[in-house]
There are 2 protein chains.
Amino acid sequence: MGLFSKKNSVSVQTVRRLPQYLRVLYDRHAYGRLLVSSTELAEETQVPSIVIKKDLQAVGAPSKMRAGFKVKGTISAIETFLGWDNLNKAFLVGAGHLGAALLGFSGFKNHGLEIVAAFDTHPERVGEEINGIHVYHTAQLKSVIEEKKLQIAILTVPVSAAQGITDTLVACGIKAIWNFAPVKLNVPPGVAVQQEDIASGLAQLCATLKSG
Amino acid sequence: MGLFSKKNSVSVQTVRRLPQYLRVLYDRHAYGRLLVSSTELAEETQVPSIVIKKDLQAVGAPSKMRAGFKVKGTISAIETFLGWDNLNKAFLVGAGHLGAALLGFSGFKNHGLEIVAAFDTHPERVGEEINGIHVYHTAQLKSVIEEKKLQIAILTVPVSAAQGITDTLVACGIKAIWNFAPVKLNVPPGVAVQQEDIASGLAQLCATLKSG
DNA sequence: ATTATATGGATATAAAAATATCTACATTCC
DNA sequence: GGAATGTAGATATTTTTATATCCATATAAT
């Protein structure tokens with residue numbers, strides 16, 4: 001029960017739902033609303049209101065009795081919790097189809113992420129600019145990471161290249177990897193890997209189809 | 001306990017892990033292996049072996065005492081469970097960055113999915129072929145769906161268009177929608193919607209970063 | 001003032017999922 | 001042949017997550 005044992009135990013599922021709330025909150029804030037109730041958020045997100053209440057309480061969102069959660073304060077609470085209140089410098093490795101799609105998505109700045117560089121090995125891609133982001137050769141990873149003080153890696157390379165690139169990233173001191181390659185990466189402790197597997201969602205849809 | 005009350009209760013998390021196992025199994029099968037143990041699958045996927053055992057038991061994977069799970073039979077069990085043993089005809093609405101990336105991904109055929117048509121409203125996209133898939137105008141949705149007997153919709157349109165397109169899809173009798181637009185869709189009972197929210201994964205990564 | 005109502009907050013319960021423990025059994029190795 | 005080993009299978013436990021119930025309270029209607 002010491003000073004450092006306070007486990008900030010916000011569940012994974014709660015964390016995954018936060019961006020949904022954020023979107024509705026941004027919208028309400030744009031309309032000048034000061035308060036929003038969990039009931040209203042529930043209608044908008046199709047998440048049960050009781051889950052929303054618990055989620056928002058977990059991140060310390062401010063509320064007003066009988067009125068709802070304070071829009072601005074709740075936005076701040078969520079953004080602070082996720083570290084989205086200031087931008088992390090990110091880069092992307094693998095400027096293929098998916099990589100280009102992510103580079104073309106301008107919404108990351110609302111999610112605390114600023115993609116400032118891309119890397120690839122294909123000669124026809126290196127030197128290009130995609131949505132204003134320069135594509136370097138993968139050989140320059142180390143120098144560019146250090147020069148630009150990059151923090152978060154987005155991995156959209158083929159499976160065969162994923163682990164090799166990862167080893168390089170780890171050697172460069174990268175502590176967060178967002179991995180879209182369908183393979184589990186081997187990293188030392190202290191490096192966070194978030195695995196995105198598009199097949200998981202498809203599997204869920206197919207299973208629902210068969211049973212429903 | 002009647003004939004129809006048998007609830008095939010395979011958990012969501014189990015379903016989401018199945019594709020991972022499938023990848024390793026394909027690999028081992030390609031190398032001619034007949035058996036694979038849960039321990040080996042655990043090393044490969046970083047999922048605890050006991051979870052793997054339970055998952056595979058849940059879908060009725062065949063095994064051999066003291067030896068492991070039968071590679072071929074387990075592949076069949078998973079594919080059958082997910083309905084990936086024969087191809088579902090799918091189509092994509094919204095051939096923008098992300099849409100094009102999905103159209104360019106040829107791996108869906110291993111996941112029971114064959115994308116046979118795309119739709120968009122932009123004049124410069126309509127009429128194009130992306131990875132051999134024709135892009136129709138969205139106005140033709142109904143006729144093409146009926147003509148080609150399409151079953152699964154992949155939605156990669158902007159948020160503003162998502163619900164409108166969904167209403168059309170529902171009217172066309174579509175029963176499964178894989179939605180990449182970050183908005184909850186309103187659909188009648190009986191229509192399965194699988195929501196993909198890229199921000200959820202990013203939130204998870206950021207939360208890990210902050211706490212780790 | 002009084003009452004009705006909708007809300008966040010707190011607590012309790014239930015359901016889902018992960019993890020641990022033990023057993024039986026083939027295979028391999030002496 | 002006998003013991004050690006590594007496996008699936010079954011069961012039990014714990015942890016996590018979701019859901020339900022009740023309560024105090026601030027607002028609005030009467």
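All values reported here derive from a predicted model rather than from experimental measurement. Within every chain, numbering begins at 1; the chains are lettered A, B, ... in the order of the sequence lines, protein sequences first and strands thereafter.
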Ranking A:Arg66 and A:Ser11 by the position along DNA chain D of their nearest nucleotide, the one closer to 5' is A:Ser11
Aromatic ring pairing A:His111/A:Phe105, orientation class (parallel under 30°, perpendicular over 60°, tilted between): tilted
One should read off an interatomic distance between A:Glu79 CD and A:Asn86 CG, to the nearest 0.5 angstrom, of 10.0 Å
Collect all protein-nucleotide pairs involving nucleotides 9-15 of chain C in which both atoms are nitrogen or oxygen and the distance is under 3.5 Å.
residue	atom	partner	partner atom	Å
C:dG9	OP1	A:Ser63	OG	2.7
C:dG9	OP2	A:Gln57	NE2	3.3
C:dG9	N7	A:Lys53	NZ	3.2
C:dG9	O6	A:Lys53	NZ	3.3

Strand contacts (DNA chain C) in residues 36-48 of chain A, 4.0 angstrom heavy-atom criterion: A:Ser37, A:Ser38, A:Thr39
Atom of B:Ile174, atom of B:Leu150 and distance for their closest heavy-atom approach: CD1-O, 3.7 Å
Answer yes when A:Lys184 and A:Asp197 have at least one side-chain N-carboxylate O distance shorter than 4.0 Å, and no when they do not. no
Can you measure A:Lys70 atom NZ to C:dT7 atom P for me and round it to whole angstrom units? 17 Å
Heavy-atom pair with the smallest gap, counting every atom of A:Ala95 and A:Ile130: CB-CD1, 4.3 Å
NZ (A:Lys109) with more than 12 external heavy atoms under 6.0 Å: no
So, applying side-chain contact (heavy atoms from CB on, under 4.5 Å) with B:Leu155, which one of B:Val193, B:Leu92, B:Leu169, B:Val183 is it? B:Leu169
Do you know which two heavy atoms are closest between A:Gln204 and B:Val12, and how far apart they sit? NE2-CG1, 3.5 Å
Is it true that A:Arg16 and A:Asp55 have a side-chain N and a carboxylate O under 4.0 angstrom from each other? no
DNA chain C-proximal residues of residues 12-33 of chain A, any heavy atom under 4.0 Å: none
Rounded to the nearest 0.5 angstrom, the CG-CG distance for B:Leu102 and B:Leu113 is 10.0 Å
Atom pair distance, as rounded to whole Å: CD1 in B:Ile52 and P in C:dA18: 12 Å
